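Working notes, beginning with the structure itself.
Keep in mind that what you see is a predicted model, and the values were worked out from it rather than measured.
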Amino acid sequence: MVCAADHLLVPRGALFMVYPASRFGELTSVLRLHRMEPRTVRCVHPLADRPAKLVLLHAVKAGRADLMVLPPLVLHGDDEHAFTDEVNAMLM
């Protein structure tokens with residue numbers, strides 16, 4: 001996917017991805033191999049006390065190395081079956 005994005009994007013073109021958190025290191029290596037710099041990262045946690053399952057990533061082709069790590073997005077609060085207020089606001 002990164003190879004295709006490298007071919008299709010113009011310099012300073014943006015790539016947005018949802019990727020497994022466990023493979024984030026591999027993703028950043030492949031991005032840099034294709035001249036893309038991660039610009040914004042946000043980890044997605046199922047619960048506040050659990051490890052991240054996903055990573056939301058914004059990368060820029062031929063961009064500068066200026067990574068911003070946003071606060072984590074927690075999907076569920078105390079009730080594992082209900083979304084947090086932030087997630088509910090996104091769904092509306």
Check: Thr84 side chain, Val74 main-chain N or O, donor-acceptor pair, under 3.5 Å: yes
Asp79 atom CG, over 12 foreign heavy atoms within 6.0 Å: yes
Same apolar cluster (I L V M F W Y, side chains within < 4.5 Å links), Leu70/Leu67: no
Lys61 side chain near Arg35 side chain, heavy-atom distance below 4.5 Å: yes
Side-chain heavy-atom pair Leu47, His76 within 4.5 angstrom cut-off: yes
Same apolar cluster (I L V M F W Y, side chains within < 4.5 Å links), Met17/Val60: no
Shortest non-hydrogen contact from Pro38 toward Arg32: CD-NH2, 4.2 Å
Cluster link Met1 to Leu57, ILVMFWY, side chain under 4.5 Å: yes
Any side-chain heavy-atom pair of Glu37 and Leu31 under 4.5 Å: no
Residue pair Pro51 / Pro46: nearest heavy atoms and the distance that separates them: O-CD, 3.4 Å
Test ring-ring contact (aromatic ring centres under 6.0 Å, His included) applied to His34 - qualifying residues, sequence neighbours left out: none
hydrophobic_cluster_shared for Val69 and Leu27, side chain cutoff 4.5 Å: yes
From OG (Ser22) to NZ (Lys53), nearest 0.5 Å: 8.5 Å
Apart from Val44 itself, residues in the same hydrophobic cluster as defined by side-chain heavy atoms under 4.5 Å: Val18, Leu54, Leu56, Leu73, Leu75, Phe83, Val87, Met90, Leu91
Any donor-acceptor pair under 3.5 Å from His45 side chain to Arg50 backbone: yes
Polar side-chain atom of Arg42 near backbone of Pro71 as donor-acceptor pair, under 3.5 Å: yes
Atom pair CZ/CZ of Arg12 and Arg64 - distance to nearest 0.5 Å: 9.0 Å
Heavy atoms from other residues, nucleotides or ligands near CG of Asp49 exceed 12 (cutoff 6.0 Å): yes
